[in-house]
Amino acid sequence: MFGRSSSAIGIDLGTCNTLIYIAGRGIVINEPSVVAVEKGTNKVVAVGSDAKRMLFKTPGSIHAIRPLRGGVIADLESTEKMIRHFISKSLPRYRLFKPRMVFGIPSSITEVERRAVEECAYKAGARDVVVIPESLAAAIGAEIPIHEPAGHMICDIGGGTTEISVISLGDMVVTNAIRTAGDDFDDAITKYVRSELNLIIGGGAAERLKVEIGNAFPDKTIEKVEVKGTDAGNGLPRRLEIDSEQVREALKVPVFKIIDEIKTILGKTPPELAADIVERGIVMTGGGSLLKGLPKLISKETGVSVIIAQSPLDCVALGAGKYFENRDLENLHNNYDNLNS
């Protein structure tokens, strides 16, 4: 179990969710990136799904937080505790056999932010830590043949960041990450409902609207959902019905920020690789890619076909976990070091 490949675990340390992949076992952890601790003692009360249920509902003695924001670590101590909990849950014997940990992280991350990830991992019990760009990890997880002498474009929309890259011969030719992603979809819905409908709703309600009736592209069928919140005028509880057209209007600003960035990356792509992308299409990964109508809108705006990866939510963790499974992929670490030098 603890040979060269099987002792390596891939981690997608996401703003919204943390996923862990173990060779031979697949995805073993897929839980919210949330930690609940006792105030004063900092003792962990709950992690993951249990902690998420406590968000905004805790008494004064307990504090539930999301320790990652915008794709980077905002609370080092809580992140370390979260990683340690998830690793212990997925590898009960890890204290005796410390694993290699491979993380997919945004390419725009600073050296300080990168060291924070490594420090957390070592404190959580890693034997060795490797970090690779999210888009490369996602491409590997999506089974894109990245070592071919051809252009492949990938757009990974996570909770805190969207990373768009053109990859050829195992390296990123053009890349950029922007801090507009799934969380911004939720925030846009929350702001719209308050400004246009005079209702204050929480993040959970906004996320439900996004998942259930969110749509980036006009649809013939108009769906409706009842939402509950607080009247912004009198402060009393109120419920109202919201339709999919209203949600689409709310999502326009963050959605088009992502589309504009895709166009920018396409504009910077060498002609030969751009021709490959036109032929092969844009591959989308991450939870944000599941927004209804988004692939269709991107295709309409760019003129390039769009394909959703087979397991878009799992791709970064899968790709990170497969880093040590193929010796040809080891040069990705050196490539990323060169990118940041």
Side-chain angles (χ1 to χ4, degrees), residues 14-17 31-39 45-72 74-75 78 157-162 178-219 221-258 286-294 297:
T15 304
C16 292
N17 291 282
E31 294 200 37
S33 301
V34 184
V35 181
V37 297
E38 279 185 358
K39 289 183 180 177
V45 176
V47 178
S49 299
D50 293 336
K52 185 177 181 180
R53 285 192 286 269
M54 298 180 182
L55 273 176
F56 312 117
K57 298 179 181 179
T58 57
S61 59
I62 298 175
H63 186 39
I65 61 169
R66 293 171 62 178
L68 292 107
R69 297 190 192 102
V72 297
D75 186 322
S78 295
I157 307 176
T161 60
T162 293
I178 57 173
R179 292 185 180 179
T180 299
D183 279 355
D184 297 275
F185 294 167
D186 298 345
D187 290 344
I189 293 170
T190 302
K191 291 175 183 175
Y192 177 89
V193 171
R194 176 159 189 166
S195 63
E196 300 297 323
L197 305 174
N198 210 36
L199 186 72
I200 301 170
I201 62 172
E207 184 180 17
R208 185 169 71 89
L209 286 171
K210 176 185 69 178
V211 171
E212 292 186 8
I213 61 172
N215 194 338
F217 199 84
D219 201 345
T221 305
I222 298 176
E223 300 175 286
K224 296 181 179 181
V225 165
E226 184 181 81
V227 65
K228 302 166 188 172
T230 302
D231 191 289
N234 59 30
L236 296 176
R238 182 162 68 96
R239 63 178 70 192
L240 60 79
E241 203 170 56
I242 297 177
D243 65 46
S244 52
E245 287 192 342
Q246 291 171 309
V247 177
R248 178 166 54 85
E249 182 66 28
L251 291 170
K252 273 187 178 179
V253 171
V255 162
F256 274 92
K257 278 186 181 178
I258 292 171
S289 67
L290 297 176
L291 177 65
K292 186 179 177 182
L294 183 56
L297 181 61

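Keep in mind it's a predicted model, so treat the numbers as computed, not measured.
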Exercise for review: Any chance you could lay out the side-chain contact (heavy atoms from CB on, under 4.5 Å) test for L291 and K210, step after step, and finish with the verdict?
Suggested key: CA-CA 7 Å; L291 177 65; K210 176 185 69 178; 4.2 Å; yes
Review point. Got a sec, which residues hit salt bridge (charged side-chain N to carboxylate O under 4.0 Å, His left out) with E223, two or more places apart in sequence or on another chain?
Key: K292
Review point. Considering all heavy atoms of both residues, which atom of S33 and which atom of N17 are nearest to each other, and what is their separation?
Key: OG-C, 3.2 Å
**Study point:** Atom pair NZ (K257) and CZ (R179), whose distance is rounded to the nearest 0.5 Å
**Key:** 13.5 Å
Point to revise | T180 (side chain) donor-acceptor with I258 (main chain) under 3.5 angstrom | key: no
Study note, to complete from the structure: OG1 (T190) and CG (L199) are apart, to the nearest 0.5 Å, by 10.0 Å
Study note, to complete from the structure: Closest non-hydrogen contact found for S244 with I222 is OG-CA, 3.6 Å
Point to revise | salt bridge (Lys or Arg N to Asp or Glu O under 4.0 Å) contacts in which one or both residues fall within residues 188-204, not counting sequence neighbours | key: none
Practice item. Would you please name every residue forming a salt bridge (charged side-chain N to carboxylate O under 4.0 Å, His left out) with D50, sequence neighbours left out? Key: R53
Exercise for review: State the OH-CD distance between Y192 and Q246, to the nearest 0.5 angstrom.
Suggested key: 4.5 Å
Exercise for review: Indicate yes or no: at least one non-hydrogen side-chain atom of V45 is less than 4.5 angstrom from one of M54.
Suggested key: yes
Review point. So which heavy atom on D186 is nearest to which on A206, and how close?
Key: O-CB, 3.5 Å
Review point. side-chain contact (heavy atoms from CB on, under 4.5 Å) between C16 and D183: does it pass, once the steps are laid out?
Key: CA-CA 8 Å; C16 292; D183 279 355; 3.0 Å; yes
Review point. When rounded to the nearest 0.5 angstrom, what distance separates CG in N198 from OG1 in T230?
Key: 11.0 Å
Check your understanding: Got a donor-acceptor contact below 3.5 angstrom from the T15 side chain to the G71 backbone?
Key -> yes
Review point. Considering residues, nucleotides and ligands other than R69, do more than 12 of their heavy atoms fall under 6.0 Å from its CZ?
Key: no
Check your understanding: Between R248 and D219, is any pair of side-chain heavy atoms under 4.5 Å apart?
Key -> no
Revision key, fill the gap. Minimal heavy-atom distance between D184 and P254, with the atoms involved, is O-CG, 4.1 Å
Check your understanding: For the atom pair CZ (R239) and CD1 (I201), what is the distance rounded to the nearest 0.5 Å?
Key -> 14.5 Å
Practice item. Kindly indicate whether the side chain of V225, heavy atoms from C-beta on, has any atom under 4.5 Å from the side chain of I242. Key: no
Check your understanding: Which distance, rounded to the nearest 0.5 Å, do you find between the CG of D243 and the OG1 of T221?
Key -> 12.5 Å
Point to revise | Minimum side-chain heavy-atom gap V247-I189 below 4.5 Å | key: yes
Practice item. For N234 and L236, work out which heavy atoms get closest and say how close. Key: OD1-N, 2.8 Å
**Study point:** Heavy-atom closest contact (V227 atom, A205 atom, distance)
**Key:** CG2-CB, 3.9 Å
